[in-house]
Amino acid sequence: MFRTALIAGALFMSGTALAEAETVEVNGMKMYYEVSGEGEPLVVLHGAYMNIPSMGAIIPKLAETHKVYAVEFQGHGRTNDIDRPITYPNLADDVAAFMDAVKLEKADVFGYSMGAAAGLQLAIRHPEKVNKLAAASVAYDAEGWQPEFKAVIPQMTVEMLVGLPFADDYRKLAVDPNGFPELARKLIQLEKEPMAWEADVKTLKAPVLIIAGDADVATLEHNVALFRLLGGGAMGDMGKPLSPSRLAILPATSHTAVINQTELLEAFIEPFLKGETPKGMFP
C-alpha cells in the first residue's frame, strides 16, 4: 500500500485542547493555524491528506512545554487551495511566510511525513527560521523510498483515493467540500516530483532529529545515510562531542503508526530540543 493512501488512515483522533484558532494571509491563501501552550515556540507540520486534529495527541502533549503553532497546509483542513502545485519548496516557503505573518522570527519545528520533508526544505531554504528540526518519517532523496512504494507511485490515480475514509473526513473541515479530487491530484504529482537533496542537506546548520519506524516508508539504510550526512554515526566515548543531530528508530512501527506513539515521540523530541544527552561512563 502506498504512503499517500496510508498517512491518514486511522489517524483522525481528537484535536488540540484549549487552542486558539486563527487564519492569516499567506501567499494568496488563508492559512488556518492553532496556537496552544506556553514556552519556547514550536511549529508543527502535518502529513499529506492530514490536518491538525489528525495529528492526534502529540500536539497537546508538546503544548505542555512549548508554545505550539500548528498549521494546516495548502488545500488541507481549513486552509483553502490555490492555483499552484503542492511542492516541498512551496510548502516550506509557506511556512516561512506564515512565521513572518505571525511575527515568529525563529522556532523549533516538528514535522511528520510530508510535513517533515517541508520542514527539511524550510531548514534548507530559510535556515534563519529554524532553530532545531524534529523530522518524523522523512527522506532526502526519492531513491530512499521502500521498493514497494516506488513501484506503486506510477500507478496512483485520483480514483484510488476518493473512496477511502479520509476523503470523507476531508469534507468535514474543508473550505471547499468538493475539492478532494484536486487535492489528491496535486499530492499524487508531489510523489512524482524530483527529490535529490543530498548536497543541500550537507549544508544544514540546524540540528535535526530523525525519527523513523523500523517498517517506515523510507528504508532504514536511507535514515542512517541521512544521519551520516548530518554528521552523526561516529563512536561516542572517545573524547569528542556527539553530533548535534540524532537518530531514533521506533520498533515494530509502520509509517502510519509513527504519529500515534505520543509518549515515545515526546520522549525523543523533548531531550533533543532541550539539548539533553544520556550520561555515559566517560566525560
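Just so you know, residue 1 is the first one in the sequence shown, and it goes up from there. All heavy atoms count here, side chains included; hydrogens, waters and symmetry mates do not.
No donor-acceptor pair closer than 3.5 Å links the side chain of D108 to the backbone N or O of N131. The backbone N or O of I124 sits nowhere less than 3.5 Å from a side-chain atom of D200 that would complete a donor-acceptor pair. In this structure, the side chain of E191 does not engage the main chain of L187 through any donor-acceptor pair within 3.5 Å.
Remark: K192 NZ is packed, more than 12 non-hydrogen atoms of other residues, nucleotides or ligands lying under 6.0 Å away. Shown here is E40, whose CD atom has no more than 12 heavy atoms of other residues, nucleotides or ligands within 6.0 Å. No more than 12 heavy atoms of other residues, nucleotides or ligands lie within 6.0 Å of CD in E105, so this atom counts as exposed by the packing criterion.
Under the salt bridge (Lys or Arg N to Asp or Glu O under 4.0 Å) criterion, K129 pairs with D100, not counting sequence neighbours. Under the salt bridge (Lys or Arg N to Asp or Glu O under 4.0 Å) criterion, R125 pairs with D93, sequence neighbours left out. Checked against side-chain hydrogen bond (donor to acceptor under 3.5 Å, both in side chains), N27 has the following partners two or more places apart in sequence or in another chain: D94. Not counting sequence neighbours, the partners of R78 by the side-chain hydrogen bond (donor to acceptor under 3.5 Å, both in side chains) test are Y32, E72. For H76, the side-chain hydrogen bond (donor to acceptor under 3.5 Å, both in side chains) criterion is met by no residue, not counting sequence neighbours. E143 is linked by a salt bridge (Lys or Arg N to Asp or Glu O under 4.0 Å) to K150, counting only residues two or more places apart in sequence or in another chain. Under the side-chain contact (heavy atoms from CB on, under 4.5 Å) criterion, E64 pairs with K61, sequence neighbours left out. In this structure K106 satisfies the salt bridge (Lys or Arg N to Asp or Glu O under 4.0 Å) test with no other residue, sequence neighbours excluded. Taking D81 as the reference, Q74, K186 meet the side-chain hydrogen bond (donor to acceptor under 3.5 Å, both in side chains) condition, with sequence neighbours excluded.
Looking only at side-chain heavy atoms (C-beta outward), V258 and L250 come within less than 4.5 Å of each other. Side-chain contact between F110 and L45: absent, with no pair of heavy atoms (C-beta onward) separated by less than 4.5 Å. At least one side-chain heavy atom of W197 sits under 4.5 Å from a side-chain heavy atom of Q121. Contact of the K30 side chain with the E25 side chain is registered, since non-hydrogen atoms from C-beta on lie closer than 4.5 Å. L190 has its side chain within reach of M114: a pair of non-hydrogen atoms, C-beta onward, lies under 4.5 Å apart. Between V68 and V35, the closest side-chain pair of non-hydrogen atoms is not below 4.5 Å. Using a 4.5 Å heavy-atom threshold, the side chains of M195 and Y140 count as separate.
The two residues Y112 and M50 make their nearest non-hydrogen contact at CE2-SD, 3.6 Å. Residues L161 and A167 approach most closely at O-CB, 3.8 Å, considering heavy atoms. Taking both residues in full, the closest heavy atoms of I82 and G28 are given as CG2-O, 3.4 Å, listed atom of the first, atom of the second, then distance. L265 and I58 get closest at one heavy-atom pair: CB-CD1, 3.9 Å. Closest approach of L264 to Q261, counting heavy atoms only: CD1-OE1, 3.0 Å. Residue P85 comes nearest to N90 through the heavy atom pair O-ND2, 3.0 Å, listed as atom of the first residue, atom of the second, then distance.
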Report all side-chain donor-acceptor pairs from residues 204-220 shorter than 3.5 Å, counting only partners two or more places apart or in another chain.
unit_1	atom_1	unit_2	atom_2	d
D214	OD1	A252	N	2.9
D214	OD1	T253	N	3.0
D214	OD2	A252	N	2.8
D216	OD1	S137	OG	3.3
D216	OD1	H255	ND1	2.7
D216	OD2	S137	OG	2.6
D216	OD2	G213	N	3.0
T219	OG1	H222	N	3.0

Output a table of donor-acceptor pairs, distance under 3.5 Å, between side-chain atoms of residues 172-183 and any protein atom two or more places apart or on a different chain; print 'none' if there are none.
unit_1	atom_1	unit_2	atom_2	d
K172	NZ	D169	OD1	3.1
D176	OD1	N178	N	3.0
E182	OE1	R185	NE	3.0
E182	OE2	R185	NE	3.4
E182	OE2	R185	NH2	2.6

Output a table of donor-acceptor pairs, distance under 3.5 Å, between side-chain atoms of residues 237-244 and any protein atom two or more places apart or on a different chain; print 'none' if there are none.
unit_1	atom_1	unit_2	atom_2	d
S243	OG	S245	N	3.1

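To the nearest 0.5 angstrom, E198 atom CD is 10.0 Å from L226 atom CG. The distance from the CD1 atom of I259 to the OG1 atom of T256 is 11.0 Å, given to the nearest 0.5 Å. A distance of 6.5 Å separates NZ of K132 from CZ of R246, quoted to the nearest 0.5 Å. Taking CG of N51 as the reference point, atom CZ of F166 lies at 12.0 Å (rounded to 0.5 Å). Summarising the geometry, atom CZ belonging to R228 is positioned 10.0 Å from atom CG belonging to L247; distances are rounded to the nearest 0.5 Å.
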Checking M160 against I188 for the side chain to side chain contact (heavy atoms under 4.5 Å, CB included) test, could you report, in this order, the C-alpha distance in whole Å, the side-chain angles of both residues, the deciding distance, and whether it holds? CA-CA 11 Å; M160 285 180 178; I188 290 170; over 6 Å; no
List the steps and the verdict of side chain to side chain contact (heavy atoms under 4.5 Å, CB included) for E34 and Y69. CA-CA 6 Å; E34 294 180 359; Y69 294 77; over 6 Å; no
In sequence, state the C-alpha distance, the side-chain angles, and the governing distance for L42 and K67, and then conclude on side chain to side chain contact (heavy atoms under 4.5 Å, CB included). CA-CA 6 Å; L42 175 63; K67 186 171 185 178; over 6 Å; no
Full working for side chain to side chain contact (heavy atoms under 4.5 Å, CB included) between V201 and L230: CA-CA 7 Å; V201 168; L230 295 166; 3.8 Å; yes
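Taking the six-membered ring where the residue is Trp, the centroids of F98 and Y33 are separated by under 6.0 Å. Residues F73 and H46 place their aromatic rings such that the two centres sit under 6.0 Å apart.
Clustering ILVMFWY residues whenever any of their side-chain heavy atoms sit less than 4.5 angstrom apart, transitively, puts M29 in a cluster other than the one holding Y88.
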